[in-house]
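When a residue number appears, it is its place in the shown sequence, counting from 1.
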Amino acid sequence: QVQLVESGGGLVQAGGSLRLSCTDSGRTFSGVSMAWFRRAPGKERDFVAYISGSGASTAYAESVKGRFTISRDNAKNTVYLQMNSLKPEDTALYYCAPKSRSGNYMVPGNYDYWGQGTQVTVSS
């Protein structure tokens with residue numbers, strides 16, 4: 001059973017940093033591609049970052065490229081999102097998810113399991 005738990009969110013001033021973590025107590029992530037998405041108030045869930053099962057390949061939304069870094073520690077069954085130079089427009093509920101279907105990694109429909117998310121709020 002998938003029991004995704006995201007953590008590390010909070011309130012931070014613009015220009016600050018946060019590191020989000022994602023783990024699952026019910027199954028291992030090892031070898032599974034993972035991604036971070038976010039949902040701002042009144043908006044759709046948007047792709048943020050992707051990492052392959054081995055960690056060798058990563059991809060980012062244009063809006064976060066150069067500021068965010070996705071990584072994973074398969075031994076700890078944890079995926080991270082390091083967020084630097086945060087902006088007010090990064091404010092959202094952040095979710096991680098294992099990619100469970102073939103197809104574009106940027107599409108939420110290719111992910112079947114989601115956690116509750118962790119709130120990130122960036123003040124100006």
Side-chain angles (χ1 to χ4, degrees):
Q1 183 177 355
V2 178
Q3 297 177 348
L4 290 163
V5 177
E6 301 94 340
S7 62
L11 173 63
V12 64
Q13 288 188 330
S17 298
L18 286 173
R19 188 176 82 155
L20 306 185
S21 299
C22 169
T23 190
D24 187 332
S25 61
R27 59 174 279 180
T28 178
F29 291 158
S30 183
V32 178
S33 298
M34 301 289 296
W36 286 94
F37 288 79
R38 66 187 181 187
R39 187 197 299 270
K43 296 189 177 182
E44 299 291 321
R45 195 182 326 233
D46 289 331
F47 168 76
V48 175
Y50 162 88
I51 188 165
S52 63
S54 67
S57 297
T58 59
Y60 299 90
E62 284 298 321
S63 60
V64 307
K65 199 172 291 185
R67 300 187 297 122
F68 290 11
T69 302
I70 189 171
S71 61
R72 65 190 302 158
D73 185 335
N74 285 335
K76 295 183 177 179
N77 204 39
T78 302
V79 176
Y80 304 98
L81 185 68
Q82 178 66 44
M83 307 187 297
N84 298 329
S85 302
L86 282 161
K87 304 176 181 180
E89 50 263 45
D90 294 319
T91 294
L93 190 60
Y94 282 72
Y95 303 87
C96 74
K99 191 171 184 296
S100 49
R101 300 172 187 244
S102 61
N104 192 321
Y105 55 75
M106 298 176 67
V107 176
N110 290 326
Y111 300 78
D112 291 322
Y113 305 104
W114 302 88
Q116 295 299 308
T118 185
Q119 178 67 40
V120 172
T121 303
V122 185
S123 63
S124 57

task = Locate the shortest heavy-atom distance separating Phe47 from Ala59; write the atom from each residue and the value.
result = CZ-O, 3.7 Å
request  = List for me each residue that meets side chain to side chain contact (heavy atoms under 4.5 Å, CB included) alongside Thr58, sequence neighbours excluded, and say none if there are none.
outcome  = Ile51, Tyr60, Ile70
query = Is a side-chain donor or acceptor of Arg72 paired with a backbone partner of Phe29 at a separation under 3.5 angstrom?
reply = yes
task = Please round to the nearest 0.5 Å and tell me the distance separating atom CG of Leu11 and atom OG of Ser123.
result = 5.0 Å
Gap between atom CG of Leu20 and atom CE of Met83 - 0.5 Å precision = 4.0 Å
query = Mind checking whether Phe37 and Tyr111 have parallel, tilted or perpendicular rings, split at 30° and 60°?
reply = perpendicular
key: Distance, nearest 0.5 Å, that separates OG of Ser25 from CD of Gln3   = 3.5 Å
inquiry  = Can you confirm whether Pro98 sits close enough to Val79 that some side-chain heavy atom of one is under 4.5 Å from a side-chain heavy atom of the other?
reply    = no
remark   = Between Ser33 and Gly53 the two heavy atoms that sit nearest each other are OG-N, 3.6 Å
query = salt bridge (charged side-chain N to carboxylate O under 4.0 Å, His left out) with Lys65: which residues, sequence neighbours excluded?
reply = Glu62
task = Mind listing the closest non-hydrogen atom pair of Thr28 and Val32 along with its distance?
result = O-CG2, 4.3 Å
remark   = side chain to side chain donor-acceptor pair (under 3.5 Å) test vs Tyr94 passes for just one of Arg38, Glu6, Arg39, Gln119, namely Arg38
Separation of Asp73 CG from Thr78 OG1 (nearest 0.5 Å) = 6.5 Å
request  = Taking the side chain as every heavy atom from C-beta outward, state whether Leu4 and Cys22 have any atom pair closer than 4.5 Å.
outcome  = yes
Spacing of Ser7 atom OG and Gln116 atom CD [to the nearest 0.5 Å] = 13.5 Å
request  = Please name the pair of heavy atoms, one in Pro108 and one in Met106, separated by the smallest distance, quoted to 0.1 Å.
outcome  = CD-O, 3.5 Å
inquiry  = Quick check for you: to the nearest 0.5 Å, what is the distance between Leu18 atom CG and Gln82 atom CD?
reply    = 8.5 Å
key: Validation row: Phe68, Leu86 side chains within 4.5 angstrom (heavy atoms)   = yes
query = When you measure from the side chain of Asn77 to the backbone N and O of Thr23, does any donor-acceptor pair fall under 3.5 Å?
reply = no
ask   = How about Ser52 and Tyr105: do any of their side-chain heavy atoms sit closer than 4.5 Å?
value = no
request  = I would like to know whether Tyr113 and Ser100 meet side-chain hydrogen bond (donor to acceptor under 3.5 Å, both in side chains); could you show each step before the answer?
outcome  = CA-CA 8 Å; Tyr113 305 104; Ser100 49; over 6 Å; no
inquiry  = Check whether Lys43 reaches the backbone of Arg45 with its side chain - one donor and one acceptor, N or O, closer than 3.5 Å.
reply    = no
Minimal non-hydrogen separation, Asn84 against Ser17, with atom names = OD1-OG, 2.9 Å
query = Do you reckon Val48 sits in the same ILVMFWY cluster as Val122, going by side-chain contacts under 4.5 Å, direct or chained?
reply = yes
